Amino acid sequence: MTNEWMNDPALAGIDKAKLEFLQALVFESRTLKKEQMLPFLMAVAKRGQAEHITFTNEEIETIVAVIKRESSPEEAATIDKMMRMHKKKG
């Protein structure tokens, strides 16, 4: 995925620093194996806290919708699964 998704007009109200944070995570996680993902995500959460990066539910929903439009059907299914897990946790 390129960074073109960040230029979507639906994301105009979201701080560019947040979008760049997400983009960096996508590129960093691409080469990870399945067993490396949990430690990576924990480190990401810690980095987000350190940089004071948080997302509202509305921002998350908007970002996910934009990313899904740019995703393959398989990627979109994975995103849906992650979002269901996130909603159960919250």
Side-chain angles (χ1 to χ4, degrees):
M1 177 185 295
T2 66
N3 65 351
E4 288 300 312
W5 67 274
M6 293 191 301
N7 297 321
D8 190 294
L11 302 174
I14 300 175
D15 186 346
K16 282 287 187 196
K18 291 180 179 184
L19 299 176
E20 289 168 2
F21 178 78
L22 289 176
Q23 183 68 20
L25 297 181
V26 168
F27 283 111
E28 289 175 27
S29 67
R30 281 190 169 166
T31 59
L32 296 179
K33 296 178 180 156
K34 193 175 187 177
E35 61 273 4
Q36 295 172 308
M37 285 303 289
L38 184 59
F40 173 76
L41 292 173
M42 292 173 70
V44 165
K46 187 175 274 191
R47 185 183 346 163
Q49 287 177 335
E51 295 178 20
H52 305 287
I53 295 177
T54 59
F55 296 90
T56 66
N57 287 336
E58 184 177 291
E59 287 174 329
I60 291 170
E61 304 249 342
T62 302
I63 292 166
V64 166
V66 169
I67 292 173
K68 281 179 62 177
R69 285 197 297 261
E70 302 289 326
S71 301
S72 70
E74 294 81 16
E75 291 168 328
T78 300
I79 291 168
D80 287 338
K81 182 179 178 182
M82 289 174 29
M83 291 304 293
R84 282 192 302 273
M85 290 182 346
H86 172 74
K87 286 181 181 177
K88 283 182 184 178
K89 189 177 79 169

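These figures come from a predicted structure and were not determined experimentally.
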>> Please find the pair of heavy atoms, one from Ser29 and one from Phe40, that lie closest to each other, and give the distance.
In response: CB-CE2, 3.5 Å
Side-chain atoms of residues 60-69: list all donor-acceptor pairs with protein atoms under 3.5 Å, sequence neighbours left out, distances to 0.1 Å.
| from | atom 1 | to | atom 2 | distance (Å) |
| --- | --- | --- | --- | --- |
| Thr62 | OG1 | Glu58 | O | 2.9 |
| Lys68 | NZ | Asp80 | OD1 | 2.5 |
| Lys68 | NZ | Asp80 | OD2 | 3.4 |
| Arg69 | NH2 | Asp8 | OD1 | 3.3 |
| Arg69 | NH2 | Asp8 | OD2 | 2.7 |

> Which pair of non-hydrogen atoms, one from Trp5 and one from Leu11, has the smallest distance, and what is that distance?
Replying inline: O-CD1, 3.2 Å
>> Filter on salt bridge (Lys or Arg N to Asp or Glu O under 4.0 Å), then keep only pairs touching residues 10-25, sequence neighbours left out; what's left?
In response: Lys18-Glu59
>> Quick check for you: to the nearest 0.5 Å, what is the distance between Leu41 atom CG and Arg47 atom CZ?
In response: 11.0 Å
>> To the nearest 0.5 Å, what is the distance between CG on Asn7 and CG on Leu19?
In response: 9.5 Å
>> Can you tell me how far apart CD (Glu28) and CD (Gln23) are? Round to the nearest 0.5 Å.
In response: 10.5 Å
>> How close do Ala76 and Ser71 get, counting heavy atoms only, and between which atoms?
In response: N-CB, 4.0 Å
